[in-house]
Amino acid sequence: MSDDLEFFRAPSAAAVLTTLGGGTALPTFDGLRADLTEPVDVLLLMEELVAAEPDSSLITGLVWPEIDMAAYGCFLSNAPHFGEPWTYGITPTVRDALAAASPAELAALRPYEDVEPTAAALEQLDALAELARRAVAAGDSLYYRTAGHLTCPQAGLPTETA
């Protein structure tokens with residue numbers, strides 16, 4: 001898989017909705033682009049960073065479009081705005097862990113035993129940690145948008161776009 005993601009910081013989900021709607025986050029907000037790479041990408045590394053936390057969720061939920069994803073199940077292709085970028089909130093736990101992590105801690109993450117993250121994924125994670133530090137300093141939240149869509153493992157059908 002190779003999908004571009006936009007990671008960015010914003011004061012609130014309301015600010016994201018008001019400013020972006022379905023539009024691009026960059027350069028409107030302070031952020032960066034990342035590419036999901038196989039076998040270990042920046043999202044997996046972020047999940048690994050908080051795996052031992054009581055709240056180890058990566059996202060707070062869907063910010064845009066404002067739909068009930070559960071109502072569509074594995075049939076998100078029927079949802080409004082399917083095929084457009086969707087925006088997700090990143091939990092404060094992940095933001096704070098990224099902001100607090102040292103470069104050595106980030107480089108040591110291994111979501112899969114004996115599988116080394118790519119240099120590109122680690123560089124993106126370092127850049128994300130810097131973004132998280134700016135977000136914490138400003139009291140902002142982190143968000144991400146993805147241009148592609150994933151598939152529903154049970155049926156091989158699209159499950160989300162962002």
Locate the shortest heavy-atom distance separating [X] from [Y]; write the atom from each residue and the value.
{"X": "Leu44", "Y": "Pro111", "result": "O-CG, 3.7 Å"}
{"X": "Phe29", "Y": "Pro11", "result": "CE2-CD, 4.3 Å"}
{"X": "Ala132", "Y": "Ala99", "result": "CB-N, 3.7 Å"}
{"X": "Leu106", "Y": "Ala129", "result": "CD1-CB, 3.7 Å"}
{"X": "Tyr88", "Y": "Val63", "result": "C-CG2, 4.1 Å"}

Review point. Does Val94 share a hydrophobic cluster with Val136, counting links as ILVMFWY side-chain heavy atoms below 4.5 Å and allowing steps through other members?
Key: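 Different clusters: Val94 never reaches Val136 through Ile, Leu, Val, Met, Phe, Trp or Tyr contacts under 4.5 Å.
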
Find out whether [X] and [Y] are in side-chain contact, i.e. whether some heavy atom of one side chain is under 4.5 Å from a heavy atom of the other.
{"X": "Arg145", "Y": "Phe8", "answer": "yes"}
{"X": "Pro103", "Y": "Leu122", "answer": "no"}
{"X": "Thr91", "Y": "Val50", "answer": "no"}
{"X": "Leu125", "Y": "Leu98", "answer": "yes"}
{"X": "Leu5", "Y": "Leu36", "answer": "yes"}
{"X": "Met46", "Y": "Ile90", "answer": "yes"}

Practice item. Report the residue from Arg95, Arg134, Arg9 that forms a side chain to side chain donor-acceptor pair (under 3.5 Å) with Asp140. Key: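 For Asp140, the side chain to side chain donor-acceptor pair (under 3.5 Å) check succeeds only for Arg9.
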
Review point. Just how far is it from atom CD1 of Ile59 to atom OG1 of Thr87, taken to the nearest 0.5 Å?
Key: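 Answer rounded to 0.5 Å: 11.5 Å.
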
Point to revise | All pairs passing salt bridge (charged side-chain N to carboxylate O under 4.0 Å, His left out) where residues 121-132 contributes a residue, at least two apart | key: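 Those involving residues 121-132 are Glu130-Arg133.
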
Review point. Who are the side chain to side chain contact (heavy atoms under 4.5 Å, CB included) partners of Leu32, not counting sequence neighbours?
Key: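 Expected list: Phe7, Ala34, Ala127, Leu131.
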
Practice item. Decide yes or no on side chain to side chain contact (heavy atoms under 4.5 Å, CB included) for Val115 and Arg110, but give the supporting numbers first. Key: CA-CA 7 Å; Val115 177; Arg110 298 293 180 273; over 6 Å; no

Check your understanding: Is there a donor-acceptor contact under 3.5 Å from the side chain of Glu48 to the main chain of Leu109?
Key ->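 No.
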
Review point. Among all residues two or more places apart in sequence or in another chain, which pass the side chain to side chain donor-acceptor pair (under 3.5 Å) test with Asp96?
Key: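 So Asp96 forms no side chain to side chain donor-acceptor pair (under 3.5 Å) with any residue.
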
